[in-house]
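These notes are about the structure you will find just below.
Reckoned from all heavy atoms, side chains included, excluding hydrogens, waters and symmetry mates. Numbered from 1 within each chain, the chains take letters A, B, ... in sequence-line order.
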4 protein chains.
Amino acid sequence: MRLLNHDSILAGKERSTLYRSTPRTRQNAADRAASIAEAARALLTESGFASATVKSVAARAGCSPGLLYTYFPDRAALLRGAFAHAAGHELAAVTRALEEAETVAEAASGLVSTFISRALAGARLADALLFEALPADVETERLSFRTSYAAAIAARLQAGVDAGEIPEQDTGLTARALSGALSGCLQEPIHDSGRSEFSEAEAAALIADMTVFTHRAIGVSP
Amino acid sequence: MRLLNHDSILAGKERSTLYRSTPRTRQNAADRAASIAEAARALLTESGFASATVKSVAARAGCSPGLLYTYFPDRAALLRGAFAHAAGHELAAVTRALEEAETVAEAASGLVSTFISRALAGARLADALLFEALPADVETERLSFRTSYAAAIAARLQAGVDAGEIPEQDTGLTARALSGALSGCLQEPIHDSGRSEFSEAEAAALIADMTVFTHRAIGVSP
Amino acid sequence: MRLLNHDSILAGKERSTLYRSTPRTRQNAADRAASIAEAARALLTESGFASATVKSVAARAGCSPGLLYTYFPDRAALLRGAFAHAAGHELAAVTRALEEAETVAEAASGLVSTFISRALAGARLADALLFEALPADVETERLSFRTSYAAAIAARLQAGVDAGEIPEQDTGLTARALSGALSGCLQEPIHDSGRSEFSEAEAAALIADMTVFTHRAIGVSP
Amino acid sequence: MRLLNHDSILAGKERSTLYRSTPRTRQNAADRAASIAEAARALLTESGFASATVKSVAARAGCSPGLLYTYFPDRAALLRGAFAHAAGHELAAVTRALEEAETVAEAASGLVSTFISRALAGARLADALLFEALPADVETERLSFRTSYAAAIAARLQAGVDAGEIPEQDTGLTARALSGALSGCLQEPIHDSGRSEFSEAEAAALIADMTVFTHRAIGVSP
DNA sequence: CATGAATGAGGTTTCATTCAT
DNA sequence: AATGAATGAAACCTCATTCAT
């Protein structure tokens, strides 16, 4: 499966440096970059993008604002990096769930339960990833991740179609619709309600209903 | 059916500055407010929210920046008003399509074809309403409209359930998922592709596929 | 006794008018001007100068902002007028007390008790007149009234000197000092404490102490 | 003697922007803050508060407008700081004069001569500190300094009372009245006359007369 | 006389980014 | 490699004043 290379964002800019690039140097640099991205991610998760100013990210990462520009070309790249860092975990979990399933029906179940249960378990992060206002420069990253989700889903659906498990369809379209549907069904509990804790029962009910929706939508025979 | 009262947003602020409220006065005021909201909407549609500064909106509306504050309490309210102005039309069209249909299957078809055909016909506006980054103050309005869409859809679905046309289900959840699915299926053509013109054939194909998706998802028997 | 002509401020600007100036016209005009000044005074008393915008004064006076400029050349004149309107009453009361007294000692007592008791009785107004920040254009009026107070006091003191009741002194200087002292002794109760109600006992104590201060300061033999 | 801590105003805001606080860093920061406050003070003295815009203060201090906000949280704090910077010197001089005197009579003389001679020597500054219109945000600082003057005077008077040098009295009240009297006696020469140069003889005469006033007022036996 | 919508200058404030050290 | 003080462009918003009606 081919994904958009979100990781490239984390690479930041080409670092012109006076120092020869030794393994030690590179390791330190990677550590720094990671600790900065991690600091940004933590701020996002805790209080949203508005609080993630360059200064506050630097403070959180324990370094100066200036140093940050050694690792990221500008603020947008930093925030995209932080977004990708967090969203990448989610995408990986969903991708794993899709790949582990034997049938397309199981894959759909796995997709729904993985997506929803992780979102409810980390509601604050999910809110940031799915619903919060983003700077225009970062919104592109969100849309790019939606595309990646759709691609992962489409690939699995296509395998299902090829295996005759589900009807012929534009699997790309179905996948984009499903990706949107999963997001749409979470707005009320995660964003509107303002809650951040959810019981197992709530999660189970939501997952059950959305699984039915998804199975029907892709044409799994009951 | 009860919708969130988005129109109230257009009312702007309490106009304590108007000393006496004559019909003539009110009409002029309403005209001005509408022309300002329209200018903002045009700017959004053409070049996104970032370009909609108070100054540029005023210039576009042919008045001074200060006058905006007679009709809107602050910039966020102005932009919310512009968003609501545009989004309200779309919501009304969709609501009409839902209400005119006799069966729930027809309602679903109407929903899908109305939503998609209007979006493809006004792709730039649809992009602004559905995908572009919004200031945090305005994003709330987008989410509020999503809720209104879901409410309109849920009401029609529930009627279908009550009439025995579709299976028992949490119609609120199904509606939110569908609302998200419709949005999700448009990202690629409307936002990612960068195109703003679409052929009838393209629209028809998309509508056809999404209608199948929707009918399956809500459980309309084939 | 000659006072600065504070009333001239109330005259506002020369009113060029298309109408012949009949007695009726003049009366109406005077009424309007007075009602506007009164509205401004009321706003000052209730909520200070910051709240006395041209618009709010007009609203309070039941007329349009534009009309206000028929009677006052600009906002500063309006506020000076309102200040003079209120301060003039106080000055008149003090002047009366000074003039009614037979001896300079009684005059001093009358000055102190009139000034303080009126200030405590109308603490909100006194705060505005004595302590609140004023626009630079209006502050001149406050200083001008201080001069008028000093002039009234000086005249009475000079009579006392001439009558041999108190020692030779620069009565102008003594008067200015006393005027400042009266203001100074009220800052704590009227402004700092934030209170607006004072018991008779409090007033009596303050008056008693300040009377002693004043008698000593001007040299009334005990 | 406990004074209100006006110096805290100069501290500006919590400088959370300074990452590590080294002695070198602190000294530089203090220098900058002082140079900005000094620029503001100079502007006030020369042309009043209205001219002390953030931009002009920055220009005078030789830095950018934005930098001011590193040292002061907002414009009002900056102006309060500048006011306190200047007023603090005056208060310190007066306090010193009060403390150096052996008897309460000498203290009163020292108070009067210090206050008046310094005011006449720096008439433009004195005008700004005592009489000029101030923004509401800064006027609070002026009133706070009046309170501090009164406190310093009251403490010395109370010592005089305790030593039996002057009669029993509410020394707090007497002090507030004296503080007001000193201010009141300077309005004519410093503000109304528009002059900024005064001869030794003028100063001596004013001081002599006010010393008599003050001695009488507090009850020093002749 | 009276209205009140319209003007528009100008101030404060934020924060991503740079660069001398 | 690291610092963090300094920059400076923009944006929002207020409100005294005017003028067409």
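Taking each heavy atom of C:Tyr71 and C:Ala33 in turn, the nearest pair found is CD2-CB, 4.0 Å. Here the closest non-hydrogen pair linking D:Arg142 and D:Leu134 is NH2-CD1, 3.4 Å. The two residues C:Glu141 and C:Phe83 make their nearest non-hydrogen contact at CG-CD2, 3.8 Å.
B:Val54 comes within contact range of the sugar-phosphate backbone alone, with a heavy-atom separation under 4.0 Å but no base atom that close.
Take C:Ser51 and apply the side-chain hydrogen bond (donor to acceptor under 3.5 Å, both in side chains) test, not counting sequence neighbours, and it matches C:Ser47.
When the P atom of F:dT14 is taken as reference, atom CZ of C:Phe49 falls 22 Å away, rounded to whole Å. To the nearest angstrom, C1' of E:dA5 lies 17 Å from OH of B:Tyr69. Nucleotide E:dC15 holds its C1' atom 15 Å from the CG atom of D:Leu68, rounded to whole Å. Regarding B:Phe72, its CZ atom lies at a distance of 16 Å from the C1' atom of E:dA6, rounded to whole Å. Rounded to a whole Å, the CG atom of A:Leu78 is 13 Å from the C1' atom of E:dT17. One can place CG of C:Asp137 at 9 Å from P of F:dT17, the figure rounded to the nearest angstrom.
Defined by atom type and a distance below 3.5 Å, a donor-acceptor pair is present between the side-chain atoms of A:Arg41 and A:Thr45.
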Nucleotide N/O of nucleotides 8-10 of chain E paired with protein N/O under 3.5 Å:
none

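Taking a cutoff of 4.0 Å between a charged side-chain nitrogen and a carboxylate oxygen, D:Arg80 and D:Glu139 do not qualify as a salt bridge.
Place D:Arg75 and A:Ala52 on DNA chain E by their nearest nucleotides, and D:Arg75 ends up nearer the 5' end.
No donor-acceptor pair closer than 3.5 Å links the side chain of B:Arg32 to the backbone N or O of B:Leu67. No donor-acceptor pair closer than 3.5 Å links the side chain of D:Arg60 to the backbone N or O of D:Lys55.
Counting heavy atoms from C-beta outward, B:Tyr69 and B:Val54 have side chains that approach closer than 4.5 Å.
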| query | With Watson-Crick and G-U wobble geometry limited to distances under 3.5 Å, how should the secondary structure of DNA chain E be encoded in dot-bracket form, using | for bases paired to another strand and [ ] for crossing pairs? | reply | .||||||||||||||||||||
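Contact check, C:Tyr71 against E:dA2: a side-chain N or O comes under 4.0 Å of OP1 or OP2.
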